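Quantities reported herein were computed from a predicted structural model and do not represent experimental measurements. Computed from heavy atoms alone, side chains included, the values below leave out hydrogens, waters and symmetry copies. Atoms within a ligand are numbered from 1 in the order they appear, just like the ligands themselves.
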Amino acid sequence: MHGSIFTALSALFGTRTYPPQYPINDLAQSPAMGWNNWNAYACNVSETMLLSTAAKVAALGLRDSGYQYIVLDDCWSNGRDHNGELQPDREKFPSGMKYVADQLHSMGYLFGMYSDAGSYTCGKYAGSLGYEEKDAKTFASWNVDYLKYDNCFNEGLSGTPKITAERYRVMKNALKATGRPILYSMCNWGEDLPWNWAHTVANSWRMSGDIYDYFNRPDARCPCTGEETYCAYPGYHCSVMNILNKAAHIIHTSQPGAWNDLDMLEVGNGGMDDEEYKAHFSMWAALKSPLLLGNDVSVLDAKALSILTNPAIIAVSQDPLGVAASRMYRYYVNDTDQYGQGEIQLWSGPLSGGDQVVILLNAGNISRTMKASLEEVFRQQTGISPEVSNDWDIYDLWANRMDLELAQSIIDGTGKPSPEVYYNATETSYKDGLAGGNPVLLGKLVGKVGAGGTIEREVARHGVSMLRLRKTVGSAKLQSAVQQPFELSGTYTN
Ligand code: GAL
């Protein structure tokens with residue numbers, strides 16, 4: 001009886017699966033890692049630049065740290081031929097794009113390219129709007145594995161989530177129809193609230209205007225601060241703190257296969273100091289942004305290499321649970337700098353195996369002792385999680401960072417990464433390494449915090465303390481929920 005009603009209804013309305021078209025494919029189960037030329041080279045692209053960078057990324061040990069996509073950004077094309085097919089600029093790419101893809105594949109990489117959901121790209125080269133099927137086929141025929149899809153010259157097809165989603169969905173369907181697995185990286189700068197819907201369209205979506213190489217310097221070209229409910233002009237020249245303060249409100253929408261993209265990394269480009277770059281990298285990892293190197297690797301310095309290869313931080317990014325950390329507190333502090341009000345923040349999130357990542361972020365202008373009570377770390381909507389009643393071992397994720405002498409010797413070609421400070425993800429995935437308890441992924445055991453206790457760490461100016469909490473073996477593990485309303489305690493005054 002029920003069966004026949006069901007059959008009749010499905011004949012009328014068709015069967016429906018929910019959620020629709022999600023996930024779009026089985027790619028990006030953890031955030032994509034790779035290198036993209038835009039931050040360091042902008043339009044100055046070529047076959048030689050791309051292939052020599054790829055060779056250098058491998059020689060520095062970065063490919064085997066997990067940076068597996070080499071992504072060519074804007075300015076590669078020479079318009080369309082008489083059949084309407086996109087053509088590479090033969091001066092920049094004399095051997096064509098398939099050659100580049102094949103070379104990269106033979107070096108153990110995946111290959112990313114760029115186009116735009118508009119009539120032109122942002123650099124005013126041919127865009128893919130209206131040519132989606134043709135271009136998707138072209139990319140697939142070139143053996144492309146990843147498409148970054150921009151938002152310039154979109155002919156006014158934006159302004160509501162529905163209009164934007166429909167425009168981006170056309171390319172999603174076209175890529176799918178090629179039958180080739182192609183990671184789809186949407187780049188519409190957070191316009192029309194993609195975190196609400198883009199998991200049905202893409203593997204990742206930019207949530208802000210373009211990053212620039214400063215920690216907290218405001219710039220009128222990036223006018224939104226994260227305090228407004230709708231950002232009408234995402235802009236560019238957005239600092240690390242600006243992007244983080246926007247991400248705080250929406251980052252929980254990330255999930256395996258579908259990530260908020262905080263934009264490419266600036267580590268190594270020279271506009272921030274070592275603490276600031278450590279903070280930038282830590283936050284991008286804990287918030288599960290794609291990690292795309294954005295530097296000229298031929299001039300990479302030892303500090304940048306030691307940051308970008310830190311296995312204990314990358315293990316958080318690539319953790320199989322795939323949950324982004326949340327901001328648990330934000331306080332303003334009195335030590336301002338020329339860029340305005342300083343602030344401190346606590347971020348925390350679950351990792352696989354019952355671990356927890358905790359980040360104390362000091363965006364004030366002096367070094368300070370920062371505190372995080374377990375109640376703040378494990379705060380939930382329903383009160384405080386029972387995890388507060390456990391004892392926890394504390395691992396510092398920066399303490400075992402590769403020393404600068406070793407990093408320099410790798411850059412000079414005289415040294416090799418050693419397994420005490422380096423992880424080879426080509427040999428064993430982060431997922432398997434974590435499951436097997438590889439100590440290089442855990443950082444350094446620096447102390448404990450007892451049930452209901454408080455963590456205290458020294459945090460450098462514009463720096464972080466990034467920690468992994470792991471239940472102390474044999475700790476009481478009380479399961480009773482501590483149901484208390486959460487209260488912000490205003491103890492930070494400077
Ligand atoms: C911007 C995009 C940048 C870069 C640039 C190329 O819209 O956000 O990441 O791709 O276009 O012109």
Novice: Quick check on contacts: which atoms of ligand 1 are under 4.0 angstrom from a heavy atom of Met264?
Specialist: 9 (O)
Novice: Give the residue and atom name of whichever protein heavy atom lies nearest to atom 8 (O) of ligand 1, and the separation in Å to one decimal.
Specialist: Asp210 OD1, 2.6 Å
Novice: Can you name the one residue among Asp150, Asp116, Asn151 that meets side-chain contact (heavy atoms from CB on, under 4.5 Å) with Thr121?
Specialist: Asp116
Novice: Any side-chain to backbone donor/acceptor pair from Arg327 onto Tyr329? Under 3.5 Å, distance only.
Specialist: no
Novice: Evaluate the salt bridge (Lys or Arg N to Asp or Glu O under 4.0 Å) criterion for residues Lys303 and Asp274: first the C-alpha distance (whole Å), next the side-chain angles of each, then the deciding distance (0.1 Å), finally the verdict.
Specialist: CA-CA 7 Å; Lys303 285 179 177 164; Asp274 191 50; 5.5 Å; no
Novice: Any atoms of ligand 1 less than 4.0 Å from a non-hydrogen atom of Lys148? List them with their elements.
Specialist: 3 (C), 4 (C), 9 (O), 10 (O)
Novice: Taking 4.0 angstrom as the limit and counting only heavy atoms of Cys187, give me the atoms of ligand 1 inside it, by number and element.
Specialist: 2 (C), 8 (O)
Novice: Consider ligand 1: state whether an atom of it lies below 4.0 angstrom from any non-hydrogen atom of Asp150.
Specialist: yes
Novice: Is it true that Tyr114 lies under 4.0 Å from ligand 1, counting heavy atoms only?
Specialist: yes
Novice: For ligand 1, which atoms have a heavy atom of Asp74 less than 4.0 angstrom away?
Specialist: 6 (C), 12 (O)
Novice: Side chain or backbone, does Trp38 bring an N or O within less than 3.5 Å of an N or O on ligand 1?
Specialist: no
Novice: Would you say the ring centers of Tyr125 and Tyr120 fall short of 6.0 Å from each other?
Specialist: no
Novice: Give the single entry among Asp73, Thr121, Asp261 that approaches atom 10 (O) of ligand 1 most closely by any heavy atom.
Specialist: Asp73
Novice: According to ring-ring contact (aromatic ring centres under 6.0 Å, His included), who are the partners of Tyr277, at least two apart in sequence or on a separate chain?
Specialist: none
Novice: Can you pull the salt bridge (Lys or Arg N to Asp or Glu O under 4.0 Å) pairs that have at least one residue in residues 288-301, sequence neighbours excluded?
Specialist: none
Novice: Looking only at heavy atoms, which two atoms of Leu441 and Pro311 are closest? And how far apart?
Specialist: CD2-O, 3.7 Å
